[in-house]
Amino acid sequence: MIAYILRRLINIVPVVLIGLTITFFFIHLAPGDPTLRLMDPSVSPEVRQQVIERFGLDQALHIQYYNWLRNVLLDFDFGNSFKYGHPASAVVLDALPATLLLTGTAILLGLLLGTVSGIVSAVYQGRLPDRLINLILLFFYSMPVFWLGMMALGLFSIKLDLLPASQLSSIYYTDLSPLAKIMDVAKHLILPVTTLGLASAAGFGRFIRASIIKELNSDYIMAARARGLSERKIVLSYAARNGLIPLISLIGLTIPVMFGGAVVIEVIFSLPGMGRTMVEAVLGRDYPVILSASSWAFISVVIGNLLADIGYSLADPRVRINT
Amino acid sequence: MNNRNNTSGQPLIDVRELTIDILGRGSTTRLIENLSFTVYPGDIVGIVGESGAGKSLLCKALIGLKHNNIRLGGTINLQKQDGWVNNIFPMTNRDLEKLRGKTIGIQFQEPASSMNPVLQCGRQIRDALPAIERKDKVIGPARVVELLQLAGLEEVDRVARAYPHELSGGMLQRVTLACALAGRPRVLIIDEPTAALDPITTYGLMNTLDRLNRELNLALIIVSHDLNLIKTWTRQLIVMYSGQILEQGATTEVLVQPYHPYTKALLECEQALEHNEELKPIPGQIPSLLEKLAGCRFGDRCSAYQVRCGQEEPDLTNEPGGRSWRCFYPVSNTE
Amino acid sequence: MKDWYYLLKKLWRDKSARIGMLIIAVVAVSALAAPLLTPYEPNTQDLSIAAQAPSFSHPLGTDLYGRDLLTRLIYGARVSLGIGLCATLLAVLIGTTVGLISGYAGGWVDNILMRIVDVLLGFPRLFVILLAVGLSTPSVKIIILILGALSWMEIARIVRGEVIVIREMLYVKSAVALGISKRKILLEYILPNTTDVITVYATLLIGTTIIVEASLSFLGLGVQPPDASWGTIINQGRIDPINAWWISTFAGLAIVITVIGINLLGDSLRSLLNPRADQN
């Protein structure tokens with residue numbers, strides 16, 4: 001098992017490197033001059049030239065790539081941000097916790113809501129509770145998450161003034177007691193997490209419903225009924241238990257989707273996360289930050305998938321990992 | 001049915017005019033029509049019928065189980081530990097749960113698909129125990145071991161810890177048997193015991209069932225298309241064709257001297273197979289359940305077909321001594 | 001042709017498919033007939049009637065530049081639906097080709113193609129699309145290209161799976177034995193039998209693509225003014241979400257209703273055409 005995990009972890013490196021290489025050439029070949037975005041257009045050509053030289057942008061592309069790759073591989077150094085001047089890795093690392101907190105809690109909320117509604121829906125298949133839940137899930141499933149966020153923001157923060165509209169913490173955050181600090185962050189997270197959570201709950205719920213209905217129709221459930229097991233036990237420890245196993249790999253697949261959702265949510269709620277950093281970096285042609293952020297996104301996704309595979313093998317005895 | 005071997009007292013299950021319909025879009029198909037029979041303690045009843053004619057649906061119906069597209073009619077009365085249940089069909093699922101596994105146990109045909117693939121076998125047997133035994137930390141595991149032994153398994157601990165996919169078909173068959181016995185039923189239904197097994201394993205299983213019948217006085221209902229198996233192991237026989245009982249009686253009597261031409265034809269096929277002779281297939285095909293014609297179901301395939309057979313449907317003729325048949329011109333019983 | 005008629009008839013009998021088709025028909029027809037449906041010009045500004053609440057002459061109000069919102073939404077449907085359809089078509093084209101080749105060729109071709117699919121699926125899609133769109137000069141054509149080029153992987157996987165099953169069927173094997181050319185077998189024996197799964201997936205993909213495009217335009221990276229997709233309009237409504245609440249609200253509702261219609265149809269198609277639903 002440990003050997004397997006190690007092997008998978010080592011496999012992450014080439015995948016991420018291929019992704020980064022594609023990204024590297026793509027951004028360098030894409031139209032748009034980073035110096036034009038960074039500086040006042042009226043700046044003299046000499047100064048521009050100096051900047052270009054300092055960042056090595058005048059060199060041939062393959063030399064730039066070689067240097068970049070060497071630094072990344074040896075020191076995990078993506079170079080300094082064009083915009084902020086300090087290392088791009090630091091800029092991105094500063095933004096990572098907010099994104100992980102946001103996506104992590106949102107997935108948990110989505111799983112909770114999705115599982116409950118999926119199970120209820122499957123048990124009442126075709127009857128009123130099922131139809132109602134289906135309708136609600138379809139509604140959230142068909143909704144752009146950023147629009148839901150905007151509507152929630154407009155209603156709860158601006159119109160009703162119940163919850164903070166932006167940032168992860170208040171200005172007076174540093175003066176608060178530890179408990180109050182947690183409460184403060186929680187208050188700031190309610191809207192973004194609920195928005196993202198509802199969107200993912202819709203996907204989870206629909207998936208779980210289908211999965212559990214499939215289990216409920218299988219022979220072993222009929223056999224368990226024939227043995228006189230209570231319906232409660234049949235639903236919870238037979239059908240739901242088995243029907244939720246495929247969910248583990250769905251979570252793995254959802255992580256990249258959540259990153260996408262986090263981008264728009266962070267922009268709407270002005271959260272200092274990776275998504276917003278990324279959008280700003282893309283718009284400002286801040287190459288080192290783009291590449292550094294991409295590497296983290298790629299790594300988290302691959303690790304997410306690895307965790308999903310391990311979880312799957314733990315939950316389903318038929319799937320055993322060959323070490 | 002009087003001439004049975006260890007008959008005693010009241011019946012355990014009394015099926016009256018059971019019908020099974022499949023509801024389709026705008027049309028219903030009758031799979032089983034007016035089926036009646038009674039099982040007494042210690043009976044071994046064989047139900048023989050062609051493949052795909054709702055035998056599995058019948059097994060499930062006997063304990064009130066059905067898929068959503070199935071409609072059940074008639075009545076099924078049961079003997080439970082503390083009294084008589086008149087007709088299980090109107091009962092709620094919650095009440096049926098108390099009967100299933102406890103009065104009637106059932107073993108489905110594919111042992112592999114009737115076990116939950118992600119739970120250990122021991123756990124699943126324990127789940128089938130009555131609540132008091134299941135929850136007890138000492139009695140629960142002890143009963144699991146006892147049941148596995150009862151089902152004829154050795155290496156009981158290993159089997160209890162194994163997941164279904166880790167066991168062979170024959171072992172799994174016995175594990176499902178242990179599950180079916182967990183509620184101490186007095187009747188056990190076995191649906192197509194040969195479906196997934198080779199002849200030797202089948203023999204071993206039937207031997208175990210026979211032992212259970214003798215030692216626990218457990219009544220058995222064995223449903224199969226395999227006449228040879230039914231002939232060897234059962235005492236009562238019900239021959240079904242196209243959803244109806246065509247002939248019924250003590251197994252030895254029926255098979256030594258069949259009254260119905262269908263039974264006779266079946267028997268000839270069986271004997272031909274056994275002696276490696278040329279097979280005499282029954283001409284024609286099983287009638288489609290969708291287009292029911294007037295007259296005897298077996299009519300156009302029958303060697304003794306007469307005009308009358310195509311015009312009206314014969315009723316079941318009952319003979320004192322428990323034999324009955326559905327034919328105007330029974331084979332060796334000409335008056 | 002008769003197959004399609006038969007399928008439509010079956011769909012029409014299904015209540016949710018019927019609702020879905022009606023929604024899609026209304027949106028599509030109004031997109032096509034936009035100039036006939038509205039007396040206003042979508043891009044002509046009139047600041048004297050800027051940000052007016054819904055009224056009799058402007059049923060959904062006006063935007064911040066005094067343009068009739070309903071008109072903007074109807075014309076926006078052309079952009080949003082157009083991008084959704086074209087990008088999906090492109091994705092289907094690429095995905096089907098890759099899936100057919102991968103499934104039929106097998107061996108190392110299959111291996112390499114599926115590795116590529118794995119790697120591409122491993123990346124956060126919106127992230128990559130954002131990167132691609134953000135770094136190019138946004139135009140409708142580019143957006144279609146990028147969305148299509150980054151959405152074909154699931155189709156490729158599904159088609160490959162189907163091909164592997166169909167390839168082993170007797171009628172294909174006998175066609176091979178008869179010496180019919182590979183090309184002919186692929187296009188005339190195998191491809192027609194994969195259309196069901198492709199139809200189901202493509203339908204649902206249109207909805208997803210509309211939402212992704214809206215997200216891009218919302219971030220200012222998609223369709224650029226004065227042209228507007230529904231996402232662009234939502235973005236414009238962000239400037240004054242309280243006093244001009246109707247702009248983002250109605251533009252968002254346009255997306256939600258359209259995508260609900262598409263998903264209703266897609267779900268029904270799935271249960272009609274593809275009983276092996278929800279394969280991953």
Side-chain angles (χ1 to χ4, degrees), chain A residues 14-16 18-19 22-23 26-27 29-32 134 138-148 150-151 153-155 158-159 206-207 210-211 214 246 249-250 253 255-264 267-268 274-275 278-279 281-283 285 290 293-294 297-298 300-302 305, chain C residues 16 115-116 118-137 154 207-208 210-221 230-231 234-235 237-238 240-242 245 248-249 251-264 267 270-271 277-278 280:
Chain A
V15 173
V16 172
I18 293 170
I22 298 171
T23 318
F26 189 79
I27 56 179
L29 295 172
N134 260 337
L138 179 70
F139 187 61
F140 283 111
Y141 187 76
S142 308
M143 185 181 288
V145 60
F146 66 88
W147 182 69
L148 181 62
M150 264 187 75
M151 293 292 116
L153 180 85
L155 185 64
I158 303 178
K159 188 101 188 168
R206 281 161 60 93
F207 180 85
S211 175
K214 201 179 112 217
S249 50
L250 183 70
L253 291 171
I255 293 172
V257 181
M258 289 301 261
F259 263 105
V263 173
V264 284
V267 169
I268 292 168
M274 290 251 293
M278 183 78 169
V279 174
V282 168
L283 290 175
R285 296 291 188 274
I290 294 176
S294 305
F298 296 161
S300 342
V301 168
V302 182
N305 284 332
Chain C
S16 54
R115 268 304 86 78
I116 294 175
D118 284 347
V119 169
L120 286 177
L121 276 178
F123 297 150
R125 178 172 304 164
L126 190 61
F127 223 83
V128 176
I129 291 177
L130 192 92
L131 207 85
V133 176
L135 290 173
S136 47
T137 22
E154 275 104 344
T208 320
I210 289 178
I211 290 186
V212 172
E213 181 277 319
S215 310
L216 291 174
S217 298
F218 170 74
L219 291 172
L221 295 169
W230 290 331
I234 296 180
N235 190 25
R238 253 184 103 198
D240 193 353
I242 289 308
W245 56 268
S248 301
T249 309
L253 279 177
I255 298 179
V256 176
I257 291 169
T258 308
V259 177
I260 284 182
I262 291 170
N263 283 338
L264 281 174
D267 286 347
R270 167 150 52 198
S271 50
D278 294 307
N280 274 314

Tell me, side chain or backbone of [X] under 4.5 Å from chain C's heavy atoms, or both, or neither?
X	result
A/Met143	both
A/Ile22	neither
A/Leu138	both

Name the member of [options] that forms the most heavy-atom pairs with chain A at distances under 4.5 Å.
options	value
C/Ser215, C/Gly231, C/Ala251	C/Ser215
C/Gly207, C/Ser248, C/Gly237	C/Ser248
C/Leu221, C/Asp267, C/Ile262, C/Leu264	C/Asp267

Part of C/Leu253 lying under 4.5 Å from any heavy atom of chain A: both

Under 4.5 Å from a heavy atom of chain A, the part of C/Arg115 involved: neither

C/Ile255 vs A/Trp147, side-chain contact (heavy atoms from CB on, under 4.5 Å): CA-CA, chis, key distance, verdict: CA-CA 9 Å; C/Ile255 298 179; A/Trp147 182 69; over 6 Å; no

Check: C/Ser217 side chain, C/Glu213 main-chain N or O, donor-acceptor pair, under 3.5 Å: yes

Steps toward side-chain contact (heavy atoms from CB on, under 4.5 Å) verdict (C/Phe218, A/Ile268): CA-CA 10 Å; C/Phe218 170 74; A/Ile268 292 168; 3.5 Å; yes

Rounded distance [0.5 Å steps], CZ in A/Arg206 versus CG in C/Asn263: 5.5 Å

Heavy-atom check, side chain of C/Val256 versus side chain of A/Pro144, under 4.5 Å: yes

